[in-house]
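The structure under discussion appears below in the form of structure tokens.
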Amino acid sequence: RLDERGQAQQVLASREDYDVTQPIYDPVAKKLVGAGYIGERHAVIWLDENWAAVQRQIDQALPNAVNFFQPPEQGKRMLVFSFSDRNPGTVYLFDFRSRKLEYLIDARPWIKPAQMAESRVVKFAARDELPLSALLTVPRGVPMKNLPLVVIVHGGPWIPLHSWGWDPEAQFLASRGYAVIQPNYRGTTGLGAKHLLASFRQWGLAMQDDISDTALWAVKQGIADPRRICIYGASYGGYAAMQALVKTPDLFQCGVNYVGITDLQLFHSVTWSDSSDSDFSKYLFPVMVGDPERDKAQLRATSPAQNADKIRAPVFMAYGGEDRRVPLIHGERMRDALERQGKPLEWMVKTDEGHGYAKLENRVEFYTRMEAFVRKSLTRP
């Protein structure tokens, strides 16, 4: 609650470890009844006992799942979206008069939950003691010990954290026998101001260390075979995959860069991207990534395309010719630099695609090639 000057008078909902970001309003009662947040799972802090009771009833009827709903504009019925680590999502209709749930539709009816792998949120500390977490997915039917590991780095980088739920790429790789870990490195949103601010001007530095620390945690726990670790990501995640091969060449045995940034100076200066001449480019890039002039040496040192000589592991890169977020020149510069060094490289470009492949045939080709590349790279001689 705020006073007329916009100052907080009363804190209605808060957590020490996660950002409370989603106000939930009851349009019938015309009042705020809850606040949502993404923690280890999506959750709601209910401020109204009646709605808290509805949540408890639905959770009892649909156990081992996240069951999300919004109070409806009429008090008769509402939709409930239920999901878990093995179920991409099911929609139910809740009737307030009968207090019963009716099944409506599955989000992805072709996915069979019984065939899916288990995921869990794991927690640990970075080397500078910043609290970190990650989503770990392990293959079905095998001991969780000494497995080949794929580290998937999310893009953004300033986007919401991985929480408990179903992830298509993790499930795809787990079905092929890989453990998968997806780090919530510093800068991932929803974890408080300290976690966010710790990412400023840390591309390729502390942010990169968090990703390495995630892989090292999996090794220390005995989950991952230290000689069979690959790193993969798209956009910022593609940048982090390439930078991992530059900065920690002994940790990763292969890298997959999907539409990733490869040169931070080019990222700021390229004139045909959708961020050129934007407020982000003008005002936030110098603060959050690095100043193009004052931090020139840092930006060069943390640009994979300018440090290809340090890469030893095989690389697979895929780009779109119509990409306006990360223009194709990023891939071409990285490709040319690797070829000049005689480094092992697989290259894929679709001239009619943008920032990620939209056409089914291109997506099938990418994941087929990516799976074959990872398998070949992590197969012991």
Side-chain angles (χ1 to χ4, degrees), residues 1-108 113 119-121 123 131 133 135 154 156 158-167 184 187-197:
R1 293 178 181 175
L2 305 179
D3 60 21
E4 62 276 5
R5 296 174 298 172
Q7 302 296 313
Q9 288 184 308
Q10 181 182 358
V11 176
L12 299 178
S14 67
R15 285 189 62 104
E16 293 183 357
D17 46 357
Y18 300 108
D19 295 329
V20 177
T21 57
Q22 183 181 10
I24 298 177
Y25 184 75
D26 184 337
V28 175
K30 299 187 184 304
K31 66 177 183 178
L32 183 73
V33 293
Y37 67 93
I38 302 176
E40 291 187 41
R41 301 188 179 194
H42 287 63
V44 174
I45 302 171
W46 290 108
L47 307 175
D48 181 279
E49 177 52 34
N50 290 328
W51 285 109
V54 171
Q55 182 78 71
R56 288 194 294 269
Q57 180 185 349
I58 292 173
D59 289 346
Q60 186 174 10
L62 302 172
N64 303 314
V66 171
N67 304 304
F68 182 77
F69 58 85
Q70 291 269 24
E73 294 187 2
Q74 38 68 35
K76 297 180 180 179
R77 59 190 65 86
M78 68 178 180
L79 297 177
V80 176
F81 185 68
S82 178
F83 67 90
S84 72
D85 58 338
R86 301 185 184 191
N87 178 12
T90 301
V91 180
Y92 295 88
L93 183 69
F94 181 78
D95 187 283
F96 285 95
R97 180 176 296 178
S98 67
R99 311 292 285 188
K100 291 183 179 179
L101 284 164
E102 177 187 348
Y103 165 83
L104 291 181
I105 191 171
D106 287 314
R108 291 179 172 87
S119 298
R120 70 192 72 172
V121 173
K123 295 184 175 183
S133 65
L135 184 66
H154 69 70
W158 299 290
I159 65 170
L161 71 157
H162 288 292
S163 63
W164 185 73
W166 185 88
D167 183 274
N184 292 317
T188 305
T189 60
L191 295 167
K194 179 181 178 181
H195 200 277
L196 176 64
L197 294 172

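Numbers for residues simply follow the sequence, beginning at 1.
Considering CZ of Arg99 and CD of Gln57, their distance stands at 4.5 Å, rounded to 0.5 Å. Distance check: Ser133 OG to Leu191 CG gives 6.0 Å after rounding to the nearest 0.5 Å. In this structure, Tyr37 OH and Ile45 CD1 are separated by 5.5 Å, a value rounded to the nearest 0.5 Å. A distance of 12.0 Å separates OG of Ser82 from OH of Tyr103, quoted to the nearest 0.5 Å. Atom CD of Gln22 is separated from atom CD1 of Ile38 by 8.5 Å, given to the nearest 0.5 angstrom.
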With side chain to side chain contact (heavy atoms under 4.5 Å, CB included) as the test, would you mind laying out the steps for Phe81 and Val91 before giving the verdict? CA-CA 5 Å; Phe81 185 68; Val91 180; 3.9 Å; yes

Does the side chain to side chain contact (heavy atoms under 4.5 Å, CB included) test come out yes or no for Thr189 and Thr21, once each step is laid out? CA-CA 10 Å; Thr189 60; Thr21 57; over 6 Å; no

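When each of Asp95, Leu93, Asn67, Leu62 is tested with Leu101 by the rule side-chain contact (heavy atoms from CB on, under 4.5 Å), just one qualifies, namely Leu62.
His42 and Phe83 have perpendicular rings, their planes meeting at more than 60° on a 0 to 90° scale where under 30° would count as parallel. Between Trp51 and Trp46, the two ring planes are parallel [angle under 30°; tilted spans 30° to 60°]. Taking the six-membered ring where tryptophan is involved, the planes of Phe96 and Phe94 are perpendicular, since the angle between them exceeds 60° and thus also 30°.
Listed by first and then second residue, the salt bridge (charged side-chain N to carboxylate O under 4.0 Å, His left out) pairs that reach into residues 15-40 are Arg15-Asp17, Lys31-Asp48, Glu40-Lys123, sequence neighbours excluded.
Summarising the local packing, CD of Gln74 is surrounded by more than 12 heavy atoms from other residues, nucleotides or ligands at distances under 6.0 Å.
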